[in-house]
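Residue numbering restarts at 1 for every chain, and letters A, B, ... go by the order of the sequence lines. Because the structure is predicted, anything quoted here is derived from the model rather than measured.
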Amino acid sequence: MGAQQKPDSNTASPTKSGAAGAASFAGSESRKYNYFEPKGRKATHYEDMTVDVQPDPERYLLQDWIINFPDGTPTYSKDWTKVKSADWHKFRAVDEEWERTHYQRQSTICGMVQNVIANGRKSGATARFDKAWVKVLQDHLGAYKHAEFGLGTATMQAQRYGYTQMINNAILTNSSYKLRFAQDLTLYLSEIALDIPGFDTAAGKKHWLEDPTWQATRKLIESIMGASDYLEQYFAVNIVFEPLVGELFRSGFVMQLAAAQNDFVTPAVVSAAEADYERNLANTVELINLLVTDPQYGEYNRGIFSSWLGKYGALALDAANNLQPIWSQPRVKVATFQEALAKAKSRVGAICSEIGLNPAGGLAN
Amino acid sequence: MAPMTLNKITAQKGISIGEAASRVADLGWTPSYVQEAMTFPTDYKISKVPKDPMKQVLRSYFPMQEEKDNRVYGALDAALRGDMFRNVEPRWVEWMKLFLAIIPFPEISAARSMAMVGRLAPGEELRTGFTMQMVDEFRHSTIQMNLKKWYMENYIDPAGFDITEAAFGKCYATTIGRQFAEGFLTGDAITAANVYLTVVAETAFTNTLFVAMPSEAARNGDYALPTVFLSVQSDESRHIGNGHSMLMAMINDPSNHQLLERDLRYAFWQNHAIVDAAIGTFIEYGTTNRDKSKESYSELWHRWIYEDYYRTYMLPLEKYGIKIHHDDVAAAWDRLVKKNYVHKTAQFFAVGWPVNFWRIEAQTEKDFEWFEHKYPGWYNEFGAFWKWYEKLSHPGEQNILFNTDCGYVYPHRCWSCMVPCLIREDMCTDEVDGKLYTYCSDQCRWTHKVAFGAEYEGRPTPAMGRFSGRREWEDCYHGWDLADAIKDLGFVRPDGKTLVPQPHLRFDDKEMWTLDHVRGNTLASPLRGIRALSPEDREKAVAEYRKGFTMRPI
Ligand SMILES: [Fe+2]
Ligand SMILES: [Fe+2]
Ligand SMILES: [Zn+2]
């Protein structure tokens, strides 16, 4: 057959072709990955790219993992989280990202952000920013970028530990989004600094490390970075930090107040993170939902998640309350901290109701 | 006067890329409220902050990568419009069933291992580099899954592609690739994620994987693989840069030198044993192109591994006081050119065809001539084998794995690299924790017994990994009937009887082997056999094994 045939031959007869349909024989129509159960009726392209690439001795891994850590832990272990599952392989990321969709989305955001910044600067927008607001951007948006970075590194760490490819890839793209956004903010502030005399790009980090306003946030972030349970990290990022502190600051403060300070640029830069979060939240809720409704371990898991909600909820509430002084710094006050916090708490409530958890204590509305 | 350009009118002051990179590197800080858990330990000391040689930021990275993707996917579409599969060589595509079953897992393992080095490196200079590598490897893994799906949809025989990740879990040959991948992310974090993955696998061996192999693909009418893999390789210089600066952050500390010597030795030998076995076979035996003016795998190896890697990357490490095992580089070269390592591996894959999940056709006269030209003496050693293989390729014959007329002796398996002990005279045994093991070479014996232990030359190495699992594949099916084993492997086509693997490229039911054709043969573990012998008998058996075998004339 093909062996005698030149690749450049253009006179190949159908029987000598290597193309689908050139011959009919057992298996010649088997043109779908057939080793996993698709979530829907038909496997999605995302599932084909993802499912079972990270193998499992309970599925197809005949020879088991072949290298161990010195304590006997294999290359992947279910013990890397307290949470348990009857079937870790059930989870599918809601955003269905694989490399192509990930780069398309990230690249689109990069283009959007850079256009907004370039057009804003070209039209002299930064010169019209209210003076007090400029200081807020310099000190507090400058501090906040470190929180995003910390969570990017925490999720980068966490993507090593999940028990399936679907879980780890969802955490990986989350990390990629967080680290991109941390850089978006960094470069945005560096660029407007070129147009605003006296703008101090080093002030943000100083506030992050020293300003009492930010210390509870930093403690929360460092607690997430220091956790060794990957699902605890993923949960704390998307179920607790994001609604209570991330959105509170991004939406409840920056996006709400910027326009009144003559700033139409910053909200566009920050809005990308809100869209990133919607996707990461959907993935996280999907995973946690599976785990709290697990036929074997649902109740047990709910207990674990509740304890994390309690632990990180308290830290996050403290972080949020400490941010309150920032709301009084802009000259034009169009939103209050209390309103923003109430909204954040009701958002936590809404998220928790989707995953069957009850926010208690100060988190309750 | 120079004409005004739009660019000049609209240009605004920006920050330089170097400035941008250093601002971004300043995002990190040293935690003071909660310390990061020491999750992936290492026995190395990293006291210097690694420098980032690449100076890149994500906002230029993502658009650049998207553009690369657009070119890849555009080329795949063009290949279909140009009817690539009408002219592709099935001999080649069949081997892609194996290669593409393996490679997405090593790729994603490299992404996972960025978690390990990302946390170990002091400072944040390299964080962006590690982030990009993490996303790159996610790219590589899924772009390869996509390529594989594309072959499955468009190639004449999709069987083997359709079971790909299940096959990856079960096949003896894919497990060899898994040894490569698990080495990236298990055990001492620096050994795994820096030395084994980056300093050796990426810096040295991706050239044979992702540059040499695509050229051979193109010679076989496959324009898709080069498109995807050259794009993959274009990310590799960033990874090599990450690895090198991490290495430079450790190399000046003499307390690391002993471990670096150990890990360079282990990593070089394992990469050679695994990558050369697989890629050498694909390039030399998966091709139909017998142009005598093209480079053989050995010639490619000399260029990429010997000249580019050994002489220009590895040797200069000596000036830092690292002992380099020149003898191992020479031994690997000898295995390729004097000891026929690749030819023996291809032969073994062919012998094992009933438990593969791809087709292997016989080599023919035209192939013989090329091999003899490139490797004088080849015909004497391998000519008869391939004639037997062709003769026994028809259903109804006794399959070559169990055929006692032809003279092939089934090999022992190496406990380290998991390739069988094919260079018979180099096979050796040793005891670890009171159990006997077989190895393909003294270097592999050293790897298991000396390198992967709780101490190394008297120095405690509490972070070092351990070999584990059911490393001898044959043991999993010891005492099984071949037909039952194939069913358990899942290497049966949808009709429930025709085998996925076939010892030929005849796309015709009448010519295809079924379970009934292979039933009645019992698989056995060579390791169990040799362990059961008395010490004296074992010595005799090893001596006999080292003498090798001769194929009977046909
Ligand atoms: Fe890669
Ligand atoms: Fe790489
Ligand atoms: Zn070996």
Side-chain angles (χ1 to χ4, degrees), chain A residues 1-3 7 9 12 17-20 22-23 25-27 30-31 33-35 48-49 52-53 55 60-70 75 98-100 103-104 106-107 110 121-122 146 149 156-157 159-160 172 176 179-180 182-183 186-187 190 194 209 219 222-223 225-226 228, chain B residues 12-13 15 23-24 27 31 33-34 36-37 39 57-59 62-63 65-66 69 85-91 104 112 115 118 131 135 138-139 142-143 145 149 152-154 156 158-159 162-163 165-166 169-170 175 182 186 221 288 465-466 468-471 476 493-495 498 505 507 509:
Chain A
M1 296 231 53
S9 153
S17 162
F25 51 90
S30 183
R31 300 193 181 275
Y33 290 158
N34 63 18
Y35 44 86
D48 282 343
M49 299 303 98
D52 282 324
V53 173
Y60 305 114
L61 205 58
L62 175 70
Q63 296 176 257
D64 210 337
W65 294 110
I66 50 183
I67 306 185
N68 280 352
F69 289 94
T75 290
W98 61 294
E99 67 96 16
R100 192 163 196 205
Y103 283 107
Q104 283 171 335
Q106 288 282 47
S107 174
C110 291
R121 291 181 61 204
K122 209 185 312 170
H146 297 277
F149 177 78
M156 182 170 181
Q157 163 80 6
Q159 60 88 34
R160 165 67 182 83
L172 184 154
S176 172
L179 291 166
R180 189 218 73 236
Q183 295 197 1
T186 306
L187 299 178
S190 297
L194 297 172
L209 294 174
K219 187 174 174 194
E222 290 182 9
S223 300
M225 290 163 74
S228 54
Chain B
Q12 38 185 228
K13 207 159 47 140
I15 51 171
R23 294 274 165 84
V24 158
L27 279 164
Y33 294 103
V34 181
E36 291 188 331
T39 37
V57 289
L58 292 172
R59 77 173 179 194
F62 285 117
Q65 297 297 92
E66 190 203 16
D69 267 5
F85 282 94
R86 270 172 68 101
N87 300 313
V88 81
E89 292 294 347
R91 179 191 272 187
R112 307 293 175 237
T131 303
V135 187
F138 168 65
R139 171 175 193 252
T142 51
I143 209 171
M145 288 302 288
K149 183 178 177 182
M152 172 173 69
E153 288 169 343
N154 296 294
I156 185 168
D162 55 351
I163 54 172
E165 294 306 308
K170 298 223 162 188
T175 306
E182 286 188 46
T186 312
T288 59
R466 301 287 188 281
S468 63
R470 305 169 76 186
R471 296 177 71 89
C476 303
R493 291 168 186 255
D495 67 355
T498 308
L505 294 175
F507 300 107
D509 281 328

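- In terms of heavy-atom pairs under 4.5 Å with chain B, the best-connected choice from S176(A), A26(A), A182(A) is A26(A).
- Per-residue counts of heavy-atom pairs under 4.5 Å with chain B were compared for W98(A), Y33(A), F69(A); the largest is that of Y33(A).
- For the atom pair CD of E182(B) and OG1 of T175(B), the computed distance is 9.5 Å after rounding to the nearest 0.5 Å.
- Note that the CE atom of M145(B) and the CG atom of D52(A) stand 8.5 Å from one another [nearest 0.5 Å].
- In terms of heavy-atom pairs under 4.5 angstrom with chain B, the leader among D48(A), T186(A), V53(A) is V53(A).
- For the atom pair CG (D69(B)) and CD1 (I143(B)), the distance works out to 4.5 Å, reported to the nearest 0.5 Å.
- Contact of N154(B) with chain A is made through the backbone alone, with heavy-atom distances under 4.5 Å.
- Using modelled atom types, no side-chain atom of E89(B) and backbone atom of T288(B) make a donor-acceptor pair closer than 3.5 Å.
- Counting heavy-atom pairs under 4.5 Å between each of D64(A), L179(A), L187(A) and chain B puts L187(A) at the top.
- Looking at Q159(A) and R112(B), their side chains do bring a donor and an acceptor atom within 3.5 Å of each other.
- If you tally non-hydrogen atom pairs under 4.5 Å between each of L27(B), L58(B), T498(B) and chain A, the highest count goes to L27(B).
- If you measure heavy-atom distances from R493(B) to chain A, the contacts under 4.5 Å come from the side chain alone.
- Ranked by heavy-atom pairs under 4.5 Å with chain A, the list R59(B), R466(B), E66(B), K170(B) is led by R59(B).
- Contact count versus chain A (heavy atoms, under 4.5 Å) is highest, among G469(B), P104(B), P158(B), for P158(B).
- In this structure, the portions of S107(A) lying under 4.5 Å from any heavy atom of chain B include both its backbone and its side chain.
- Proximity to chain A (any heavy atom under 4.5 Å) is shown, for T131(B), by both the backbone and the side chain.
- Of the possible polar contacts, one joining the R471(B) side chain to the I66(A) backbone as a donor-acceptor pair under 3.5 Å is found.
- Checking Q106(A) against R180(A) by side-chain atom types alone, a donor-acceptor pair falls below 3.5 Å.
- One finds the OH atom of Y60(A) at 8.5 Å from the OH atom of Y35(A) (value rounded to the nearest 0.5 Å).
- By number of non-hydrogen pairs under 4.5 angstrom with chain A, the leading residue of I15(B), D162(B), V24(B) is D162(B).
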